[in-house]
Amino acid sequence: MAHCSCGLLTQTPFASICNRSFVKPQQQSRPLRPVPHVRKALRQSKAQAWAVQAAATAEVGKLIAMTEIPAFIPRQDLMDQLLRWAYTEVQEESVRKFGLPCKVLRTEREGIPWGFVTSITRDGVTLTDISVSFDEEVVYKYDWVGKAADGFPQMEGNAEEIMGKHFVIRKVDDNTIDEQTRSVIRLLCQEIQASINKYYAFGSCFVDDAT
């Protein structure tokens, strides 16, 4: 069965994903004016990785990509920005950027924006639906980082439960996809990766090198 296996093998928070083969580590582009708390996110996320695997014939709920988001990153702000980005850059620019039309539908959790579903279409027919969202796992955010008796750092202060430990991309149908559709999914993942990298580095999904 034809398939493409993809993985994040670099030590950056988000590396190139959804390529046909494993990629070598790459250096991040030089940041412009990274906000202080986001530079910490970059350092803490160096060990995080996307676990990626995409197949030409995928079962329902097929995992495409997943990465852990640092606890102090505000989930609602990140998703609000990603939604605005998705409506403009994915839905409105899909034919130009990906070669096929895409439609974006927001999803919610208890009335809070929690992700979106991208429907990839051709001639008015939906080829596949790709879900982009936080998961239902909990991560704990502490007040500060202290030092343990052995000299190693340890989390201290009050522990706050943060819902949405991972950022997950899934194929949510059992439709067989062709090479063009698979290429669109790959490009979509790369665009999402770039947008989250911008948020990590600058606190905005809309910053570019010209800003």
Same hydrophobic cluster for Ile112 and Met163, using side-chain heavy-atom links shorter than 4.5 Å among ILVMFWY? no
Are Lys97 and Leu187 side-chain neighbours, meaning at least one heavy-atom pair lies under 4.5 Å? no
Side-chain heavy atoms under 4.5 angstrom apart, residues restricted to Ile, Leu, Val, Met, Phe, Trp, Tyr: same cluster for Leu83 and Leu105? no
Mind listing the closest non-hydrogen atom pair of Cys205 and Gln81 along with its distance? N-OE1, 2.9 Å
Given the options Ile64, Thr67, Leu188, Ile169 meets side-chain contact (heavy atoms from CB on, under 4.5 Å) only with Ile64
Kindly write out the residues that satisfy side chain to side chain donor-acceptor pair (under 3.5 Å) with Ser119, not counting sequence neighbours, or none if the list is empty. Asp129
After noting the C-alpha distance and the side-chain angles of Val168 and Leu63, does the key distance pass the side-chain contact (heavy atoms from CB on, under 4.5 Å) rule? CA-CA 8 Å; Val168 182; Leu63 176 66; 3.7 Å; yes
OH/Tyr87: more than 12 non-hydrogen atoms of other groups inside 6.0 Å: yes
Checking Phe167 against Ile196 for the side-chain contact (heavy atoms from CB on, under 4.5 Å) test, could you report, in this order, the C-alpha distance in whole Å, the side-chain angles of both residues, the deciding distance, and whether it holds? CA-CA 10 Å; Phe167 190 83; Ile196 298 180; 3.6 Å; yes
What salt bridge (Lys or Arg N to Asp or Glu O under 4.0 Å) pairs are there with at least one residue in residues 145-156, not counting sequence neighbours? none
Identify, with sequence neighbours excluded, every residue that meets side-chain contact (heavy atoms from CB on, under 4.5 Å) alongside Arg122. Leu100, Leu127, Asp178, Gln180, Thr181
Are side-chain heavy atoms of Cys102 and Thr121 found at a separation under 4.5 Å? no
Joint cluster assignment, Val138 & Met79, ILVMFWY side-chain distance < 4.5 Å: yes
Any heavy-atom pair between the side chains of Leu78 and Phe134 that's under 4.5 Å? yes
So, Ser195 versus Trp85: side-chain donor-acceptor pair below 3.5 Å or not? yes
OG-NZ distance between Ser204 and Lys198, expressed to the nearest 0.5 angstrom: 8.5 Å
Under a 3.5 Å threshold, yes or no: a donor from one side chain and an acceptor from the other, between Asn175 and Thr128? no
Under 4.5 Å between side-chain heavy atoms, hopping through other hydrophobics if needed: is there a path connecting Ile73 to Val145? yes
Mind checking the OG1-CZ spacing from Thr176 to Arg182? Nearest 0.5 Å is all I need. 11.5 Å
Do Tyr140 and Glu160 touch side chain to side chain, with heavy atoms closer than 4.5 Å? no
Run the numbers on Leu82 and Arg84 for side-chain contact (heavy atoms from CB on, under 4.5 Å), then give the verdict. CA-CA 5 Å; Leu82 281 174; Arg84 289 190 288 115; over 6 Å; no
Determine whether Tyr142 and Asn158 make a side-chain contact, defined as any pair of heavy atoms from C-beta on separated by less than 4.5 Å. no
Residue pairs meeting salt bridge (Lys or Arg N to Asp or Glu O under 4.0 Å), one or both in residues 102-117, sequence neighbours left out, come to Arg106-Glu108, Arg109-Glu136
So, are Asp77 and Arg75 salt-bridged, with charged N and O less than 4.0 Å apart? no
Starting from Val139, walk the hydrophobic network (Ile, Leu, Val, Met, Phe, Trp, Tyr; side-chain heavy atoms closer than 4.5 Å) and list everyone else you reach, by chain and number. Ile162
Measuring from Lys165:NZ to Glu137:CD, what's the distance to the nearest 0.5 Å? 5.5 Å
So, do Glu93 and Phe98 sit near enough that their side-chain heavy atoms are less than 4.5 Å apart? no
For residues Val132 and Ile192, determine if any side-chain heavy atom of one lies less than 4.5 Å from a side-chain heavy atom of the other. yes
Under 3.5 Å, is there a donor-acceptor pair between the side chain of Thr107 and the main chain of Trp114? no
Sorted by chain and number, sequence neighbours left out, side chain to side chain donor-acceptor pair (under 3.5 Å) with Ser133 holds for none
Determine, stepwise, if the pair Val104 / Val117 fulfils side-chain contact (heavy atoms from CB on, under 4.5 Å). CA-CA 6 Å; Val104 173; Val117 173; over 6 Å; no
